Amino acid sequence: MMMNSWAQIGSTVAGLMFTLATLQQFFPHQLRVSLQQFVLASLQQFSFVQKLCDNLVSFFSPYIQITFPEYSGYWSNQAFTAIETYVGALSATKASLLKGSLIKNSKALVLIRDDRKVSDEFDGVKVWWILDPSPSTSSEDKYFQLTFHRQHRDLITGPYLDHVLEQGKAIEARNKQRRLYMNNPSDNWSSYKKNLWSDIAFENPATFQTIAMDPKKKEEIINDLVSFIKAKEYYMKLGKPWKRGYLLYGPPGTGKSTMIAAMANLLNYDIYDLELTTVKNNTELRKLLTETSSKSIIAIEDIDCSLDVTGERRKERSKSNEKDQKNPVNENTSKVTLSGLLNFIDGTWSACGTGRIFVFTTNHINKLDPALTRRGRMDMHIELSYCSFEAFKMLAKNYLDLDSHELFEKIGILLKETEMTPADVAENLMPKREKKDPDSCLKSLIQALEDAKEKAKPKAEKEKTKEERGKKFYASLIKKRWLFQA
Ligand SMILES: Nc1ncnc2c1ncn2[C@@H]1O[C@H](COP(=O)(O)OP(=O)(O)OP(=O)(O)O)[C@@H](O)[C@H]1O
Ligand SMILES: [Mg+2]
């Protein structure tokens, strides 16, 4: 009976459609357009009714939904990224069917349930997250929808969302792929695109653990860095910009650049490697500074070579000016001045970002202008020196996995008698073959130390005879004076 009536309805509709299609051919064009418009308007009315129904349902529904779109206007919504990371972490622990995606500047995959839904609990209250559309569709307009019961509105819109954003950002920071920035010459800066810096992924694995130096000094530096990054409120209370300066000095190959990398890895900071010689003037320097991000390391290596910042050179500047006129300098030479650099470190502009660390390196600390090295400007002076026995033991542990060895004592004596950089010691300890052979590595180091000692001998002897000659000369002077006075 039922089947019969359905069949009847079906054939009536089919008949009507056929008749309509046939009649349409005889309708004038204008009438056809009006018919189409009528059908469209009815459909729109239908969607309006549907919207109305949706609103009615949500009015009476005990649940609230909040939507977080991926983009707000042209800008990416940072809340979406943090939620994506947070929900990804939730999914990874709760679901077995996941879809992985790599988000910008992250070195870790974000995993989202392929069926888009994941529940969470906060203070005993259950909430649901849905990613719309699902990760398997290629649609661009993605958004997260959070659903929760009306009675928990305050808890969810307040503490819960704060928790989600905070956790999401913390996971993001842990997964963040650090970047190494290098300043572009100003000739390549374009006015519409901010391309003052070029960047690449920072992948230097150096850590404080692998740096060979006095353990106490190392601990002091680590504590200083760690307490600095936690001290934002303290700096605010003091009314001081939240930044810190480190001056690393010592001979080539003692680990200055390695320490900058270790600092970045410890703090999870990006590095801005500022090449001063390509910066034409103080204005450019200021522009570069304003384009660096907060919580980053700004490194200027070999500061004495990059700029006229040595005290001696300053005194002699007027004299050399005359010479310069005879031998005009290259037009591309940087005109960044010492005062420009000082302003860069602690002028008004230096406070435009927070949590910044300035690191300068030099091979000749005593050549630097005192204005640059004074405390407060460079908060900590760190000397990296020739390899001590303590430093050697760290290198032996890192390179050969050795805590002790019968040859250590001999090496200790030789290290006291020579000046060998950790870079050279490390080079000798590096196994030359695939299979580690600690004996031959230590022997090759002993050989290198003995060679260095031998090489240094004539120099040491020359110094000694010079010193003795000087002593004799002064003794004779004193004697003559005594005779004269007598
Ligand atoms: N203190 C150290 N601990 C561990 N490794 C070190 C140390 N010093 C140097 N090295 C090794 O030597 C190499 C060169 O060191 P690095 O570039 O850090 O020296 P530097 O002090 O910056 O030299 P320069 O003054 O020439 O720039 C590094 O790749 C590292 O492997
Ligand atoms: Mg270096």
Side-chain angles (χ1 to χ4, degrees), residues 178 180-183 202-222 224-225 245-266 269 271-278 297-307 309-310 357-368 372-373 378 380-403 408 411-412 415-416 418-432 436 438 441-442 444-445 448-449 452:
R178 277 183 303 289
L180 171 64
Y181 293 85
M182 289 144 289
N183 54 313
F202 174 70
E203 280 164 352
N204 190 325
T207 61
F208 273 96
Q209 229 174 345
T210 59
I211 292 187
M213 65 183 293
D214 175 29
K216 268 193 200 152
K217 213 153 89 180
K218 195 197 285 192
E219 206 184 316
E220 199 186 319
I221 300 164
I222 295 174
D224 194 86
L225 286 163
Y246 296 89
L247 176 70
L248 312 184
Y249 66 97
T254 49
K256 298 179 291 300
S257 306
T258 312
M259 183 169 284
I260 298 176
M263 284 177 168
N265 285 333
L266 177 76
Y269 272 23
I271 297 182
Y272 287 86
D273 184 6
L274 180 60
E275 178 53 59
L276 268 188
T277 49
T278 58
I297 293 178
I298 299 175
I300 305 183
E301 294 237 45
D302 299 317
I303 181 87
D304 51 310
C305 308
S306 320
L307 194 66
V309 288
T310 59
I357 290 179
F358 291 91
V359 187
F360 290 179
T361 73
T362 180
N363 295 141
H364 312 281
I365 187 171
N366 37 14
K367 277 195 191 169
L368 295 185
L372 193 63
T373 55
M378 288 287 116
M380 207 173 183
H381 293 185
I382 302 167
E383 182 180 11
L384 288 143
S385 191
Y386 292 111
C387 195
S388 64
F389 185 54
E390 281 300 323
F392 156 73
K393 282 201 285 188
M394 282 181 213
L395 290 172
K397 177 80 191 146
N398 292 341
Y399 283 74
L400 303 171
D401 212 6
L402 277 184
D403 286 311
F408 273 20
I411 291 173
L415 281 171
K416 270 191 195 152
T418 45
E419 288 183 337
M420 189 174 269
T421 62
D424 287 335
V425 173
E427 182 55 36
N428 281 293
L429 291 183
M430 192 96 137
K432 304 290 177 292
K436 270 186 207 164
C441 291
L442 293 177
S444 112
L445 174 63
L449 282 165

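Computed from heavy atoms alone, side chains included, the values below leave out hydrogens, waters and symmetry copies. We count ligands from 1, going down the list as the structure has it; atoms in each ligand are counted the same way. Since the structure is predicted, the reported quantities are computational estimates derived from the model, not experimental observations.
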inquiry  = Can you list everything that forms a salt bridge (charged side-chain N to carboxylate O under 4.0 Å, His left out) with K217? Sequence neighbours excluded, please.
reply    = none
Closest to [atom] among [options] (heavy-atom distance):
atom                    : options                : value
atom 4 (C) of ligand 1  : T210, N363, N204       : T210
atom 24 (P) of ligand 1 : A423, P422, P252       : P252
atom 1 (N) of ligand 1  : A212, S385, S388, A261 : A212

inquiry  = Below the 3.5 angstrom mark, is there an N/O of G255, backbone or side chain, next to an N/O of ligand 1?
reply    = yes
[X] and [Y]: which non-hydrogen atoms are nearest, and at how many Å?
X    : Y    : result
F408 : A396 : CZ-CB, 3.8 Å
C387 : F392 : SG-N, 3.7 Å
M263 : L225 : CG-CD1, 3.7 Å

remark   = Protein-derived N, O or S atoms lying less than 2.8 Å from the Mg ion (ligand 2), waters not counted, sum to 1
task = Could you walk me through whether T362 and D304 pass side-chain hydrogen bond (donor to acceptor under 3.5 Å, both in side chains), step by step?
result = CA-CA 6 Å; T362 180; D304 51 310; 2.8 Å; yes
inquiry  = Between Q209 and T207, do the side chains contain a donor N or O and an acceptor N or O under 3.5 Å apart?
reply    = no
message = With a heavy-atom distance limit of 4.0 Å, tell me whether A426 approaches ligand 1 through its side chain, its backbone, both, or neither.
response = neither
ask   = Between T421 and ligand 1, which residue portion shows a heavy-atom distance shorter than 4.0 Å: side chain, backbone, both, or neither?
value = neither
query = To which protein heavy atom is atom 23 (O) of ligand 1 closest, and what is the distance rounded to 0.1 Å?
reply = G253 N, 2.9 Å
key: Basic-acidic side-chain contact under 4.0 Å: D401, K397   = yes
message = Taking atom CD as the centre, does E219 end up with more than 12 heavy-atom neighbours from other residues, nucleotides or ligands that are less than 6.0 angstrom away?
response = no
Check ligand 1 against [X] and write out every atom of the ligand that is under 4.0 Å from a heavy-atom position of the residue.
X    : answer
L395 : 4 (C)
K256 : 18 (O), 19 (O), 20 (P), 21 (O), 22 (O), 23 (O), 24 (P), 25 (O)
T258 : 15 (O), 16 (P), 18 (O), 28 (C), 30 (C)

query = Within less than 4.0 angstrom of ligand 1, does I211 place any heavy atom?
reply = yes
remark   = From the list I357, N204, L248, side-chain contact (heavy atoms from CB on, under 4.5 Å) partner of I260 resolves to L248
query = Just wondering, do K256 and I382 contact through their side chains at under 4.5 Å, heavy atoms?
reply = no
query = Are any non-hydrogen side-chain atoms of D273 and Y181 less than 4.5 angstrom apart?
reply = no
